[in-house]
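Below is one structure; the comments refer to it alone.
In this text the structure is predicted, and so the values were computed from the model without any measurement.
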Amino acid sequence: MDIDKLKDQLILHESLELKSYTCSAGYVTLGVGRNVEELGITEEEARYLLDNDILRVGKELDNAIPWWRDLSEVRQRVVVDMVFNLGISRFLNFKNAINAMQEQDWEEAAAQMLDSRWADQVGQRSHRLAKAMIENTLEV
């Protein structure tokens, strides 16, 4: 069977949707007719999406605060983790924390991270990341 022709045929009949929608049968659907409500996604698919999201976040940070690449590997992971959760726009509202990071004032960066609605919302995640910002170590 010609798989490429089959893919084109299925896209013609199902359409290619890049955002979730409710199909005519009432199921949350994504991509080419993927019933994510009943089928979900595989771990492999989730990890593929994660890889792409990490690359996207890195590019967003490169555009917004290019010096972030000069941070230690652990602190880079903290920043990516925050942007992954908040989105780049909301992360950029952490002006005092970002300035402290750029000045390498890790205690102040951590304090600013914790003095936020985000910290209240994510609980222990914020404390782990703030501690990592100070200590430059983060075990997973």
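- The two residues V79 and F91 come nearest to each other via the heavy atoms CG1-CZ, 3.9 Å.
- Following chains of ILVMFWY side-chain contacts shorter than 4.5 Å, one cannot reach W106 starting from L114, and the two form parts of different hydrophobic clusters.
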Show your reasoning for whether side-chain contact (heavy atoms from CB on, under 4.5 Å) applies to E108 and M101. CA-CA 8 Å; E108 181 63 19; M101 289 176 207; over 6 Å; no
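- Two different hydrophobic clusters hold L49 and L16 under the rule that ILVMFWY side chains link at heavy-atom gaps under 4.5 Å.
- Side-chain contact between I54 and L50 is present, with at least one heavy-atom pair separated by less than 4.5 Å.
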Where do D2 and L6 land on the side-chain contact (heavy atoms from CB on, under 4.5 Å) test, with the steps shown first? CA-CA 6 Å; D2 185 329; L6 177 59; over 6 Å; no
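- R75 places no side-chain N or O within donor-acceptor distance of the main-chain N or O of A132, the cut-off being under 3.5 Å.
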Output, in order, the C-alpha distance, side-chain angles, deciding distance and verdict of side-chain hydrogen bond (donor to acceptor under 3.5 Å, both in side chains) for T137 and E135. CA-CA 5 Å; T137 184; E135 297 178 357; over 6 Å; no
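- Connection of L18 to I11 is established within a shared hydrophobic cluster, with ILVMFWY side chains joined at heavy-atom distances below 4.5 Å, either directly or through further cluster members.
- Using modelled atom types and a 3.5 Å distance limit, the side chains of S15 and E17 yield a donor-acceptor pair.
- Qualifying salt bridge (Lys or Arg N to Asp or Glu O under 4.0 Å) partners for E103, counting only residues two or more places apart in sequence or in other chains: none.
- Between A130 and A110, the shortest heavy-atom distance links the atoms O-CB, 3.5 Å.
- Nearest heavy atoms, A100 versus A109: CB-N, 3.5 Å.
- Environment of CZ in R69: crowded, with over 12 heavy atoms of neighbouring residues, nucleotides or ligands closer than 6.0 Å.
- Taking NZ of K5 as the start and CG of D8 as the end, the distance is 9.5 Å to the nearest 0.5 Å.
- Residues M82 and W118 have side chains in contact (heavy-atom distance under 4.5 Å, counting atoms from C-beta outward).
- In this structure, Q76 contributes its side chain and L71 its backbone to a donor-acceptor pair below 3.5 Å.
- One hydrophobic cluster holds both M113 and W67 under the rule that ILVMFWY side chains link at heavy-atom gaps under 4.5 Å.
- Remark: R34 pairs with E45 by the salt bridge (Lys or Arg N to Asp or Glu O under 4.0 Å) rule, at least two apart or across chains.
- Within the 4.5 Å cutoff, no side-chain heavy atoms of V28 are placed close to those of N35.
- The shortest distance between side-chain heavy atoms of H127 and K131 does not fall below 4.5 Å.
- Residues E37 and G26 come closest through the heavy atom pair OE1-O, 4.0 Å.
- In terms of heavy atoms, G33 sits closest to E14 at CA-OE1, 3.5 Å.
- Residues R90 and N85 fail the side-chain proximity criterion, which asks for heavy atoms closer than 4.5 Å.
- Residues Y21 and L30 fail the side-chain proximity criterion, which asks for heavy atoms closer than 4.5 Å.
- Here D81 pairs with R125 in a salt bridge; the nearest charged N to carboxylate O distance falls below 4.0 Å.
- No option in I65, L92, I88 other than I88 meets the side-chain contact (heavy atoms from CB on, under 4.5 Å) test with V83.
- S126 contributes atom OG, which lies 7.5 Å from atom CG of D120 (distance to the nearest 0.5 angstrom).
- To the nearest 0.5 Å, atom CD of residue Q104 and atom OG of residue S72 are 9.5 Å apart.
- In this view, D53 and R56 satisfy the salt bridge (Lys or Arg N to Asp or Glu O under 4.0 Å) rule, not counting sequence neighbours.
- Using a 4.5 Å cut-off on side-chain heavy atoms (C-beta onward), Y27 and V36 make no contact.
- Linking Ile, Leu, Val, Met, Phe, Trp and Tyr whenever their side-chain heavy atoms come within less than 4.5 Å leaves I98 and I134 in two separate clusters.
- Within the 4.5 Å cutoff, the side chain of L138 has heavy atoms near those of the L129 side chain.
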